[in-house]
> 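Can you keep this structure in mind? I'll have questions shortly.
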Amino acid sequence: MAPKVLMVAEKPSIALSIASVLSGAQMSTQRGSTEVHEFDAMFLGSRAHYKVTSVIGHVFSVDFPAAFQDWTTTNPSDLFQAPILKKETNPKAHICRHLSQEARGCTHLVLWLDCDREGENICFEVIECTGFHASDSRRIYRARFSSVTEKDILKAMNSLAEPNRDEALSVDARQEIDLKVGVAFTRFQTSYFNGKYGNLDARVISYGPCQTPTLGFCVDRYLQITMFKPEKFWMLHPYIMYKGYELKLEWERSRLFDADVSAMFRNRIIEDGIMKVVRVSEKLESKARPSGLNTVNLLKVASSALGFGPQLTMQLAERLYTQGFISYPRTESTAYPSSFDFKGTLGALVHNPVFGAYAQKFLTESYNKPRAGTDAGDHPPITPMRSASEDSLGNDAWKLYQYICQHFLGTLSPDCKYRRIKVEFESGGEQFQCVGQLATVKGFTSIMPWLAISEKNLPEFAVGEKIEISKVELDEGNTSPPDYLSESELISLMEKHGIGTDASISVHINNICERNYVQVQAGRRLAPTPLGISLIRGYQCIDSDLCLPDIRSFIEHQITLVAKGQADHSMVVQHVLEQFRRKFSYFVKQIDNMDALFEAQFSPLSDSGRLLSKCGKCLRYMKYISTQPARLYCGTCEEVYYIPQKGTVKASLYKELTCPLDNFELLLCSMPGPEGKSFPLCPYCFNCPPFEGIDTFFGAPKTGDSTKLGKGVGMPCFLCPHTTCPHSVIAQGVCACPECSGTLVLDPVSAPKWRLYCNMCNCLVSLPEGAHRISTTQDKCPECDSTIIEVDFNKKTTPLKDGATLHKGCILCDELLHSLVEMKHGRSFSRHGRRGRGRGRGRGRGRGSTKQQDPKMSFRDF
DNA sequence: GCAAGGTC
């Protein structure tokens, strides 16, 4: 039987390249989760059928099991020993199913994942999905390629190897360590600080072994700035007039920090009055052309020269790449592969209106061999692939494309050469100099003009000449602090310390912006916020390891032992986690030290917010904190009560009305929008629902579990089954909801457009408009068990005979009332089923059995 | 709600 070979790459573009090379572009392509390219060709000496497909990065990512997902019930320190599981990274893409289907009937598997540790790890993810036996070295092969070129692909096919399990395990180790450390610290910090300060506006206060050192770099610079003490200095600048030039000479001492001494030197020069030429030297200097463009350098230039953040740059680059204008934009390599087709790339640019002439010259004459650069074995440097114009790309993409073209042409240009002439002088025992520069070969600077050397002409001097000094200036200056860290400097620091990868550096920077730890200022400089500063200073005083870049190198070093087979995977994970667990428990013990910084930076809850609602325990007013998450704070009891995160809260209508269960003053909440519900709410019950068995809470997810209440999820009065309180669903409920198992409740502040709404779904029913008052009574309809309501009509518009205004009745069975009510949302309104009032447990099943029996008894047909 | 790493 002919072998059937499944080959899997890390991304669709590489699967396409491999298939094109191995099939000689004679393949058929099927769509699927990812494309599958099929063809016949030789494999290990026999004719074989090939299928080439790909994953889209990692198939799986790690997470905690459900039992550890709940912030309120899981102690973060338990996370270090918690089990972890692998979940499909993107379940909607069905990559696992795709691989399993494609592997059916295949005799061999060839793994073409990127040749780095992550790729090695994905190899085993793929093996798992395909159902091959990981140990079957006669059927599973690893293709090792250093670039996606025909030469390297063919070479890899002829030297198939085995996947490296140790390298894959090292990635497993990193994943587990990053997850456990990051999540444990993040949950602890967030829970500790969130809600503690009035003006600390943070949804989550995250920690991570990459993002935190990244923030650390920004705060370090900020601290340098604040600690900086300016010093006065003086510079001596004699001037001479010579052959028509006025020249300002530079002092060999550059500057002095002593005013008197500087003045003394100045007097000596003035006394001497003559500059003597002691030496004239000339040197040929050169400025090297760039090597190939990699991602990190692209990010740096884009940030510092184009003003684009890394996130935007990568988005633009991705678009240019998918549209075929540039090569793959995520690469570490600055060296072109030996097989790189420079002529082809230049040819693509010859018709470009901006770069065409420059490219054409290289083709007709010749071009320089690019500098060696470094080869990371991933992708070639970023180059243009196709000509584009500003009109077709749009402004930002064009700027980036333009730079990529300029850089590419720069790499093929000669170095910039220039003559540097230095003239040295002496006067009054002091040495001075002036320097001239003249370009002899512009080289790459003619296509990258911003890198050109600044030219300066000097007249010719002869040694021994004496020239009169025209004036002497003593310039005073102040040393100045550095500026905030620029994004481009930050990228360099991250690269230097191994924080993040070419693909993730932009993510970490974006992270610390989104978490409100830093703000991007003009010129893309990163100014840390009070929150960012307090965090880093907090780590520095508790355990500075936590925010130093070494924390990443430590992890990298440890997992490298696994990758090299020098240490056992689980031993290393255990060892590293144990160290972090100790650091974590020390951090928890010392959190007061960080809190002291927060106290200095942020105002305590008791100083902010307006007074709202009396606490049922101490009977004092609580404070309303409007910043997210919205909450009430009792300064006396030091308790926080969350309230619904949407809508507004007022005390007005329910002033002095208190909850019979706990004595807390009721609030009136109004959800936003013209159809938003209004309802009373007890701050205490909302946070600590007093009745068991209520499993539908306001704001809770539909599948929510009532034992796991989050912030903003709880029991407003319309869900409360209290039997005598006038605000409970027992008192305010009118009838069963026609749409769901909820109860229609009277909206207490809906006048003059009186209405009922369902306490569980969106169902809305409008009542007679313009009534003075509508209220529920304690009576029930004998026919349908709904609550009898009482309407006090307006004298002028009353529908009652003789101008009477008071009317009691059932909204379903009373003819007059029913003619005045209208269904706003929902399909039908049956009078069947027992009314809501009887549902002592808040969620009755009254309607369930009769629901389908008489569809005609709908609201409209009534 | 949480990390970092792939890639889209």
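Chain A is the first sequence line, chain B the second, and so forth, proteins listed ahead of strands; every chain is numbered from 1.
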> Which letter, B, S or -, goes with each nucleotide of nucleotides 2-7 of chain B from 5' to 3', with contact meaning a protein heavy atom under 4.0 Å?
BBSBBB
> Which residues pass the ring pair (Phe, Tyr, Trp, His ring centres under 6.0 Å) test with A/Tyr141, not counting sequence neighbours?
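A/Tyr141: no ring pair (Phe, Tyr, Trp, His ring centres under 6.0 Å) contacts found.
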> Please list, chain by chain and in numerical order, all residues satisfying ring pair (Phe, Tyr, Trp, His ring centres under 6.0 Å) with A/His497, sequence neighbours excluded.
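By the ring pair (Phe, Tyr, Trp, His ring centres under 6.0 Å) rule, A/His497 matches A/Phe217.
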> Any residue in residues 292-299 of chain A with a heavy atom nearer than 4.0 angstrom to DNA chain B? Just list them by number, or reply none.
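Within residues 292-299 of chain A, no residue comes under 4.0 Å of DNA chain B.
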> Apply ring pair (Phe, Tyr, Trp, His ring centres under 6.0 Å) to A/Tyr321 and list each qualifying residue two or more places apart in sequence or on a separate chain.
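Testing A/Tyr321 for ring pair (Phe, Tyr, Trp, His ring centres under 6.0 Å), a comparison that skips the adjacent residues, returns A/Tyr328.
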> Excluding sequence neighbours, so at least two apart, what forms ring pair (Phe, Tyr, Trp, His ring centres under 6.0 Å) with A/Phe584?
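A/Phe80, A/Phe185, A/Phe188.
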> Once salt bridge (charged side-chain N to carboxylate O under 4.0 Å, His left out) is applied, do any residues pair with A/Arg165, and if so which ones, sequence neighbours excluded?
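In terms of salt bridge (charged side-chain N to carboxylate O under 4.0 Å, His left out), with neighbours along the sequence ignored, A/Arg165 is linked to no residue.
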> Using salt bridge (charged side-chain N to carboxylate O under 4.0 Å, His left out) as the criterion, list what pairs up with A/Arg330, not counting sequence neighbours.
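A/Arg330: salt bridge (charged side-chain N to carboxylate O under 4.0 Å, His left out) contacts with A/Glu318.
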> Please list all pairs passing the salt bridge (charged side-chain N to carboxylate O under 4.0 Å, His left out) test where one or both residues lie in residues 497-517 of chain A, with sequence neighbours left out.
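Residue pairs passing salt bridge (charged side-chain N to carboxylate O under 4.0 Å, His left out), neighbours aside: none found.
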